[in-house]
Amino acid sequence: MREQWGSRTGFIVATIGAAVGLGNIWRFAYIAGENGGAAFLLVYTVFVVLIGLPLVIAELAIGRRSSGDAVAAFESGQRNALWRYAGWIGVVGAALILSYYAVIAGWAFKYFAGAATGDLWRAAHGGFGGYFDGFIASTFEPVFWQLLMLAATALVVARGVKGGIERINLWLMPVLALIVIGLAVFALSLPGSAKGVSFLFSPDWSALTRPSVYLNALGQAFFSLGVGMAVFVTYGSYLGRDIRLPGAAVTIAAGDTLFAMVAGLAIFPAVFALGGDPAAGPRLAFITFPQVLLQMPGGTWIGMIFFLLLTAAALTSMISLLEVPVAVAVERLGLSRGRAALVISAMVFLLGVPSALSYGVLTEWKLAGQPILDAVDHAISNFVLPVCGLAIAIYAGWRLAPSDSMAAADLLGSRLGPLWLWLLRLGVPLTIAVILLRSLKVL
Ligand code: PHE
């Protein structure tokens, strides 16, 4: 018998665990910081509601409808074999995201371990810039921590949907929520923190005239929710009929967005209180923020807890990404779960080594003028995820019969059903297409 979630709460918490990750803390802070803070947040939130939410419902519905892996979800009831490629792109994409995601998760883990032993603060007394650059430039270290994170992920996935994935999320997610709230309360109590709050919540409207803000907000909405990578298709496939998907999807999207905002309230007030630069890019969480912490009383404790949060949040997302190809290997190739988790995480590890080395031995190798890791992250978030989202919208909106997809989404007979359908049919594809074409300078 195919596995199922043990409880509705378990499913919701695991799905929020997939959504909440590096995207909400590391990536949200740096993208919001670079794109004008509050104005970005506004565009981002609109995209989450109008594009992300309908897609989360669609992914869960497609997955539950077929009760198979991500490829099967796009095959069931289709004569057109081309659609199965949409599933395969999701599967390969999930592996690709996981490959570099594991590298950044490894950085977080290394920082946590260093903060716990105190080595981090001693080694970085000359400045976190030098410390971080030295670390990511070395050959062995980033690969080592990347491997550890992948091994932990594989161990959980090997134990199954209920016994592994659901269990660890039920443990970790409440702790993470408490930690992030605690960190925000602390940051808000710092003198001078108000500047950080207004950076995040009082918009500088001129930022809205920059087209790149829209592309970055779209990419961030996809990345942070985790849509477009068949994760929700796969998690949805372990669901029974006793849960109503629209309500679940609202909880997931709201939980994810709230988490990012609270994490922003933990980071920006601290950065502003001590005069750091909010637009420091991917280095914000690893250089600017710890540098700030080092200057405040009790900061080293806060740092340890922050990097624990980052590591654990990354782990629950990595688990969801690994589950996508593992489900395919189990169901299509007949591998045991344990073996599938081992083989695929090993492959993902090899795939990620160039990202891990992209600031070290491979620093001369640039893709589109950027280090390998940055280029892969940008390409995936801003292009691959939106294009996959487009495919999902078309599949659920046009390819399936309207009554079929609305029934699968528990929206048949609801007044929101047609709204959801037309968002998928027109709103989502047009918005994505316009933003992508604009950024490719076609429009
Ligand atoms: N949503 C996760 C995060 O914010 C990353 C992720 C992307 C997970 C795509 C699943 C699919 O960190």
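Remember, it's 1-based here, ligands and their atoms both numbered in the order they're listed. Numbering starts at 1 and runs along the sequence shown.
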Heavy-atom distances under 4.0 Å are what count here, so tell me which part of [X] touches ligand 1: side chain, backbone, both or neither.
| X | result |
| --- | --- |
| Tyr101 | side chain |
| Leu321 | side chain |
| Ala19 | backbone |

So that I know where these two stand, are [X] and [Y] an aromatic pair - ring centroids less than 6.0 Å apart?
| X | Y | value |
| --- | --- | --- |
| Tyr395 | Phe74 | yes |
| Phe128 | Phe132 | no |
| Tyr111 | Phe286 | yes |

Just so I know, are the side chains of Ile305 and Phe186 near enough to count as touching, which here means a heavy-atom distance under 4.5 Å?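 A side-chain contact is absent here, since even the closest heavy-atom pair is not under 4.5 Å.
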Do Arg27 and Ser381 pass the side-chain hydrogen bond (donor to acceptor under 3.5 Å, both in side chains) test, and can you show the C-alpha distance, the side-chain angles, and the key distance before you say yes or no? CA-CA 11 Å; Arg27 201 172 192 283; Ser381 309; 3.2 Å; yes
Looking at [X], which atoms of ligand 1 are within less than 4.0 Å of one of its heavy atoms?
| X | result |
| --- | --- |
| Val231 | 10 (C), 11 (C) |
| Asn24 | 4 (O) |
| Gly226 | 1 (N), 7 (C), 9 (C), 10 (C), 11 (C) |
| Gly23 | 3 (C), 4 (O), 12 (O) |
| Leu22 | 12 (O) |

What protein heavy atom is closest to atom 8 (C) of ligand 1, reported as residue, atom name and distance in Å?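 For atom 8 (C) of ligand 1, the nearest protein heavy atom is Ala18 O, 3.6 Å.
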What is the closest protein heavy atom to atom 6 (C) of ligand 1, and at what distance does it sit?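 Ranking protein heavy atoms by distance from atom 6 (C) of ligand 1, first comes Phe223 O, 3.7 Å.
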Geometry only, no angles: is Ser320 polar-contacting ligand 1 at N/O separations under 3.5 Å?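 Checking ligand 1 against Ser320, no N or O pair falls under 3.5 Å apart.
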Should Met229 be counted as touching ligand 1, given the test is an N or O pair under 3.5 Å?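 There is no such contact.
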side-chain hydrogen bond (donor to acceptor under 3.5 Å, both in side chains), that's the test. Do Asp133 and Tyr359 meet it? Break it down for me. CA-CA 8 Å; Asp133 289 339; Tyr359 307 97; over 6 Å; no
Does Glu331 use its side chain to pair, donor to acceptor, with the backbone of Asp69 at less than 3.5 Å?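 Confirmed, Glu331 side chain pairs with Asp69 backbone.
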Check against side-chain hydrogen bond (donor to acceptor under 3.5 Å, both in side chains), Ser237 and Arg2: CA-CA 9 Å; Ser237 74; Arg2 214 164 172 275; 3.0 Å; yes
